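A quick write-up on the structure given underneath.
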Protein chains: 2
Amino acid sequence: MTSTGSGDDAVAPAAGATRAHPRKAATIYDIAQLAGVDPSTVSRALSKPGRINAITAQKIQEAARSLNYRVNPAARALPTGRTRTIGLIVSDITNPVFFDIVRGAEQEAANQNYTLVLAESRESNDTELLTAHRLLPSVDGLILATSRLDSEQIQELADEKPVVVLNRVVDGVESVVADVDAGVGQAVEHLAGLGHRRVGYLPGPERSWVSGRRGEAIARQCAQRDIEVTMLPAARPMMEGGRQSAGDVLAAGVTALFTYNDLQAIGLLLELTATGTRVPDGLSIIGFDDIFGADFTTPPLTTVAAPHAETAASAARSILARLDGEERPASGAHLRTELVVRGSTGPA
Amino acid sequence: MTSTGSGDDAVAPAAGATRAHPRKAATIYDIAQLAGVDPSTVSRALSKPGRINAITAQKIQEAARSLNYRVNPAARALPTGRTRTIGLIVSDITNPVFFDIVRGAEQEAANQNYTLVLAESRESNDTELLTAHRLLPSVDGLILATSRLDSEQIQELADEKPVVVLNRVVDGVESVVADVDAGVGQAVEHLAGLGHRRVGYLPGPERSWVSGRRGEAIARQCAQRDIEVTMLPAARPMMEGGRQSAGDVLAAGVTALFTYNDLQAIGLLLELTATGTRVPDGLSIIGFDDIFGADFTTPPLTTVAAPHAETAASAARSILARLDGEERPASGAHLRTELVVRGSTGPA
DNA sequence: TTGTAAGCGTTATCAG
DNA sequence: CTGATAACGCTTACAA
């Protein structure tokens, strides 16, 4: 047992000197020499199996194995122009929605032996643009998860490499969008059934395309059922934003409220509960995304869930397909949103 | 408004054909030509400013800008052997602990103009090893966040490139470890003060080094205060694991329980509450990590918090420092754990 | 300070 | 099927 009792040092050089990294990696030249063939033959044997004599291929494989050979991705990228890497930019790593998005993209990439490069824009369009440009030269394609960029900026990026935007439509740029109306329809129906006639919407960032779509869908669905909807002042898409909007919400005189996302919903729920408004008795709340934690608030949150992992996976797939020269985006399954009814909604 | 009503397609080729990506990127040769200098001069001007005539530097900058030049990272990596990339492998992207870890690493990397490559091992040592080997050639260093690998496997990785393991000690390999005892000491003290004499520990994966350390720390601290501690059968480090252990926990006859992590704690809490055991009256629960959500369970979770973001940032810093040729790891601040008292602990 | 030239590890083209 | 050989875009002694 290496336990050192209390008072560990934060950074441990560890027992025994930290190792050096001298032994430079084997190259196809080393293999060629060992196998008695030309380096170019090694290259072929390794990258396009089948197009080579079985027996020499064998020898090469063995040599490679014995030398513990690994291709040098940078070297491969130079002549091919392909890095076997795709980039993903999210606005806030700390937001649980991105679990599923990151996982979906990472899995799909890993499946096809691609590697996922992740960056965070921290809800700022400036850093998003910077980051995108920093990433672009080193990836084969880029996924923009919740872009706050202008359409033109995105189009420019898309001019350089395959770009897919998630849950946003940008002219001329491919996108994967889950159908909001399905879930919102169910939600409004649900509220109507509970007798609500005045509902509100707490929007997220102005630059958020989804926030707009969600607002529209709500307005549309409510209009169809003759329900009055009032739009509140925008709030930051975090728990804090929800908390801070509690006053606005109460002042709005609605009996049910949609928030832009679950984070806001949870923040609001907490604030309301803390200040004596009961949910759902005093106010019904519906969030969006069904994030981690939405099921264990008190009461648990009713929310419009979206297939985030599948959305991201689909985006990754689409990029990889395009890299493989396919024209038509591999139009994936229908991505639908869906209401998850829990405890935060009740009779008006 | 582009809204299409309901029935959106999942993958939209988008209005107007998806763009092509022909225009090949400008190189230093293009700049050289435009600026009337040699490419090598351009290279210097761009990579080591100062070592060049101010006026030619100026010309080169302008040419670069006008051509919208971006360095080709692969091309740069080839002669230098440096990719300006660091890898991070986590066991489960979906576990909120990793928010902070990912963010800490990503921010520190981005600060120094490095890029973070992320991969998930899904709690499997096989895929972890595979992933590590897949990543290694394309990164300058690797951070293993919660490795399930054997020490020897990690040491082999560390022989090739700078590797830092988080919250684990491996001989000869650098690591960043938060001091568990501090927080556990506070926690046991807290329980003792509440009159608990029999506490339990629900461990995580067998291969998890932290799980072992946490168990030891608990045992040690309890021994000092003459508190009896019983070790339960291990459970998976997820909410599900906590849920499934509810029976074991109740059977153990303890009045307070530490779980390996907050995920388990939350799962257990939910299960217990659902089946009629009240927390903390029937059982006090303490988790580890203070993840997202720990503050809004009912009751909110008492937990031992660790500075995850700082831990990861420190790891990244250490790798970057080593890449810059510094010998001594930049021994960061003391990383201490700390008890956060909330509602899941009460009198015995 | 700047130019020359070699080299980084692969792939790709072209003969043989 | 395999071997030369020229890229790929950038860095880096070494010279000038």
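Each chain gets a letter, A, B and so on, in the order its sequence line appears, and its residues count up from 1. Because the structure is predicted, anything quoted here is derived from the model rather than measured.
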Does D:dT12 have its OP1 or OP2 closer than 4.0 Å to a side-chain nitrogen or oxygen of B:Lys48?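 For D:dT12, OP1/OP2 do have a side-chain N/O of B:Lys48 under 4.0 Å.
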
Where along residues 27-40 of chain A does a heavy atom fall under 4.0 Å from DNA chain C?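 The answer is A:Thr27, A:Ile28, A:Tyr29, A:Ser40.
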
Taking for each residue the nucleotide of DNA chain C with the nearest heavy atom, is it B:Arg51 or B:Pro79 whose nucleotide lies nearer the 5' end?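 Whichever sits nearer the 5' end wins; that is B:Arg51.
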
Kindly compute the distance separating [atom1] ([X]) from [atom2] ([Y]), expressed to the nearest 0.5 Å.
X        : Y        : atom1 : atom2 : result
B:Leu118 : A:Leu88  : CG    : CG    : 9.5 Å
A:Ile89  : A:Glu120 : CD1   : CD    : 11.0 Å
B:Ser138 : A:Arg70  : OG    : CZ    : 12.0 Å

Under 4.0 angstrom, heavy atoms only, what part of the nucleic acid is A:Arg82 near: base, sugar-phosphate, or nothing? nothing

Mind checking A:Thr80 for me? I need base, sugar-phosphate or nothing, with any heavy atom below 4.0 Å counting as a touch.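 A:Thr80: backbone/sugar contact only, no base atoms under 4.0 Å.
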
Rounded to the nearest angstrom, tell me the gap between atom [atom1] in [X] and atom [atom2] in [N].
X       : N      : atom1 : atom2 : answer
A:Asn53 : D:dG3  : CG    : C1'   : 14 Å
B:Ile60 : D:dC10 : CD1   : P     : 13 Å
A:Leu46 : C:dT11 : CG    : C1'   : 12 Å
B:Ile52 : D:dT12 : CD1   : C1'   : 13 Å
B:Asn72 : D:dG9  : CG    : C1'   : 6 Å
A:Arg76 : D:dG9  : CZ    : P     : 18 Å

Check the side chains of B:Ser124 and B:Asp126 for a donor-acceptor pair under 3.5 angstrom, ignoring hydrogens and angles. no

Please examine the side chains of B:Thr83 and B:Thr115, heavy atoms only from C-beta on, and report whether any two atoms are closer than 4.5 Å. no

Hey, are the side chains of A:Glu128 and A:Leu144 touching, using non-hydrogen atoms and a 4.5 Å cut-off?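 Yes - at least one pair of side-chain heavy atoms lies under 4.5 Å apart.
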
Please tell me which of the listed nucleotides, D:dG9, C:dT10, C:dT11, lies nearest to the side chain of A:Ser43? C:dT11

Which one, D:dT11, D:dT2, D:dC8, comes nearest to the side chain of A:Leu78?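 My answer, after comparing the listed nucleotides, is D:dC8.
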
Partners of B:Thr146 by side-chain contact (heavy atoms from CB on, under 4.5 Å), sequence neighbours excluded? B:Ser91, B:Phe98, B:Arg148

hbond_proxy A:Arg44 side chain to D:dG3 base (donor-acceptor, 3.5 Å cutoff): yes

